[in-house]
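Some notes on the structure that comes next.
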Amino acid sequence: MVSSDSVNSRVETLSGSGIATIPKEYIRPKEELINISDIFEQEKSTDRPQVPTIDLKEIDSENENVRERCREELKKAAVDWGVMHLVNHGISDELMDRVRKAGKAFFDLPIEQKEKYANDQASGKIQGYGSKLANNASGQLEWEDYFFHLVYPEDKRDLSIWPQTPADYIEATAEYAKELRALATKVLRVLSLGLGLEEGRLEKEVGGLEELLLQMKINYYPLCPQPELALGVETHTDVSALTFILHNMVPGLQLFYEGKWVTAKCVPNSIIMHIGDTIEILSNGKYKSILHRGMVNKEKVRISWAVFCEPPKEKIILKPLPETVSETEPPIFPPRTFAEHIQHKLFRKSQEALLNK
């Protein structure tokens with residue numbers, strides 16, 4: 001049975017209730033509010049740097065010069081920005097549309113139906129339908145609901161918690177995950193070569209085909225009556241090796257670049273790719289894991305499909321690779337497992353929140 005408490009805790013319920021002001025738990029601290037303004041106006045802005053668009057069409061070209069030019073552009077974006085729009089990435093527009101339609105159809109279901117898939121963070125059941133709980137010292141909430149599940153490798157999935165409605169959800173999402181996994185291999189190969197490593201090295205360091213986990217989080221950002229006071233996802237860097245993001249062409253992603261917030265444009269048929277902390281650590285900071293956040297608005301519902309490519313939690317020690325370290329470039333990250341890295345970030349975040357109270 002679905003409890004009224006869980007239904008009422010959803011941001012979608014709040015958004016549809018007709019409120020004109022948002023509850024105080026969703027209002028960001030003063031220092032964050034200075035930078036929040038209309039996302040549609042910001043997307044049109046041309047006076048800020050633009051997130052690079054990388055065309056992968058020639059990534060495996062037989063022409064060495066053409067191939068190297070493509071790979072160099074990807075490497076440069078990873079060094080300068082740590083985020084990019086990928087086009088001609090090899091995943092069909094038709095498959096991406098199926099994934100978007102299936103995810104939207106799930107979130108279009110009545111909340112009571114979605115609640116059948118609810119997660120239970122308190123008991124450690126993190127997969128499923130959920131909303132951010134106030135688990136940090138500031139008690140802050142984010143203006144989003146989400147669906148989170150492991151989508152690859154196939155033998156590690158739990159299809160019993162995947163949405164049965166719409167009918168195409170499982171097939172479209174599984175196929176997309178498989179194709180993303182192949183794209184991750186291509187990207188990791190180029191990033192390895194960019195560090196002067198053998199092409200398979202970074203893939204091996206993050207777990208290889210058997211151990212690298214792909215976790216999908218569908219972020220659903222309902223209309224917000226006071227978008228200038230809230231955030232869909234608070235400022236963070238991704239802990240993953242790589243993150244791939246699809247969206248429904250509604251702007252909302254902002255990156256903190258050269259001391260200013262930059263709004264990512266909506267590039268048709270692209271997949272946004274972030275370098276995560278894991279690759280930043282292995283490269284000793286040569287590749288960047290950029291701070292970013294998710295904005296909300298009062299006009300259009302935004303949905304994004306983020307797939308986090310994560311190493312196993314305990315099996316691998318993350319530290320700068322020996323080839324990335326020298327006398328002039330000593331290691332800037334201490335050795336930690338992936339689980340320890342996550343705990344370190346959570347601890348640091350809670351300490352900062354306490355200091356800012």
Side-chain angles (χ1 to χ4, degrees), residues 39 43 50-57 59 74 77 81-108 127 129 142 144-152 157 162-163 166 168-187 212-222 232-233 236 238 240-255 263-276 290 292-297 300-310:
I39 195 68
E43 195 213 4
Q50 302 297 316
V51 175
T53 296
I54 306 300
D55 189 337
L56 297 185
K57 188 179 178 186
I59 197 168
L74 193 158
W81 279 81
V83 65
M84 61 204 81
H85 301 283
L86 301 179
V87 295
N88 290 317
H89 38 66
I91 299 177
S92 72
D93 296 351
E94 183 212 3
L95 179 56
M96 293 192 297
D97 283 343
R98 282 174 61 203
V99 170
R100 281 188 283 244
K101 275 181 189 154
K104 181 181 182 300
F106 172 75
F107 275 97
D108 283 346
Q127 295 195 72
Y129 174 60
E142 296 168 323
E144 70 150 352
D145 299 323
Y146 63 80
F147 192 93
F148 180 77
H149 56 333
L150 188 151
V151 293
Y152 201 88
R157 304 176 307 186
W162 288 36
D168 193 39
Y169 185 93
I170 291 176
E171 192 180 321
T173 305
E175 195 178 327
Y176 178 64
K178 197 172 174 182
E179 295 206 12
L180 265 190
R181 184 62 187 83
L183 179 59
T185 292
K186 273 187 185 180
V187 169
L212 185 69
L213 304 177
L214 270 60
Q215 318 256 22
M216 178 183 275
K217 183 176 176 230
I218 308 177
N219 300 295
Y220 183 84
Y221 306 103
V233 175
H236 67 287
D238 289 351
S240 58
L242 301 170
T243 304
F244 295 99
I245 303 172
L246 265 186
H247 55 78
N248 65 338
M249 294 296 286
V250 175
L253 174 64
Q254 287 197 325
L255 304 308
T263 300
K265 306 278 187 198
C266 292
V267 177
N269 306 321
S270 69
I271 295 175
I272 295 169
M273 185 186 81
H274 284 271
I275 302 292
I290 194 168
H292 56 283
R293 64 187 186 183
M295 308 289 279
V296 292
N297 72 82
K300 294 179 180 177
V301 169
R302 181 169 184 261
I303 311 176
S304 68
W305 289 255
V307 176
F308 305 97
C309 304
E310 298 183 351

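One is the number of the first residue; the rest follow in order along the sequence. All values derive from a computational prediction rather than experimental measurement.
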Considering non-hydrogen atoms only, spot the tightest contact between [X] and [Y] and give its length.
| X | Y | result |
| --- | --- | --- |
| V51 | V83 | CG1-O, 3.9 Å |
| S240 | F308 | CB-CB, 4.1 Å |
| Y169 | P163 | CE2-CD, 3.4 Å |
| A174 | R157 | CB-NH1, 3.4 Å |
| P251 | C266 | N-SG, 3.6 Å |

Kindly assign one of parallel, tilted or perpendicular to the pair F106 and F147, based on the angle between their ring planes and the thresholds 30° and 60°.
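Geometry flag for F147 against F106: perpendicular rings.
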Would a 4.5 Å heavy-atom cut-off, applied to side chains only, mark [X] and [Y] as touching?
| X | Y | answer |
| --- | --- | --- |
| I59 | K186 | yes |
| Y152 | C309 | no |
| K217 | N219 | yes |
| M96 | H89 | yes |

Check whether more than 12 heavy atoms from other residues, nucleotides or ligands sit under 6.0 Å from atom NZ of K265, and answer yes or no.
yes
So, taking the atom named [atom1] in [X] and the one named [atom2] in [Y], what distance separates them when rounded to the nearest 0.5 Å?
| X | Y | atom1 | atom2 | value |
| --- | --- | --- | --- | --- |
| L213 | L150 | CG | CG | 5.5 Å |
| Q215 | Q127 | CD | CD | 6.5 Å |
| D97 | L246 | CG | CG | 9.0 Å |
| N88 | S270 | CG | OG | 11.0 Å |

For [X], the option from [options] that meets side-chain contact (heavy atoms from CB on, under 4.5 Å):
| X | options | answer |
| --- | --- | --- |
| I275 | I290, T243, L242 | L242 |
| I218 | F148, W305, Y129 | W305 |
| M84 | T53, I271, V187, I54 | I54 |

Please report the C-alpha distance between Y221 and V233 in whole Å, then the side-chain angles of each, then the deciding distance to 0.1 Å, and finally whether the side chain to side chain contact (heavy atoms under 4.5 Å, CB included) criterion is met.
CA-CA 9 Å; Y221 306 103; V233 175; 3.3 Å; yes
Go through E175 and L95 one step at a time and tell me if the side chain to side chain contact (heavy atoms under 4.5 Å, CB included) criterion holds.
CA-CA 8 Å; E175 195 178 327; L95 179 56; 4.1 Å; yes
Donor on one side chain, acceptor on other, D238 and H292, under 3.5 Å:
yes
Evaluate H85 against I272 for side chain to side chain contact (heavy atoms under 4.5 Å, CB included), listing each step before the verdict.
CA-CA 4 Å; H85 301 283; I272 295 169; 3.7 Å; yes
With D168 as partner, the option from R98, K101, R100, K104 fulfilling salt bridge (charged side-chain N to carboxylate O under 4.0 Å, His left out) is R98
Before giving the answer on side chain to side chain contact (heavy atoms under 4.5 Å, CB included), spell out for V151 and L180 the whole-Å C-alpha distance, their side-chain angles and the decisive distance to 0.1 Å.
CA-CA 10 Å; V151 293; L180 265 190; over 6 Å; no
Counting only N and O atoms by type, is there a donor-acceptor contact under 3.5 Å from the side chain of R302 to the main-chain atoms of V250?
yes
Hey, is the main chain of V301 close enough, under 3.5 Å, to the side chain of N248 for a donor-acceptor pair?
yes
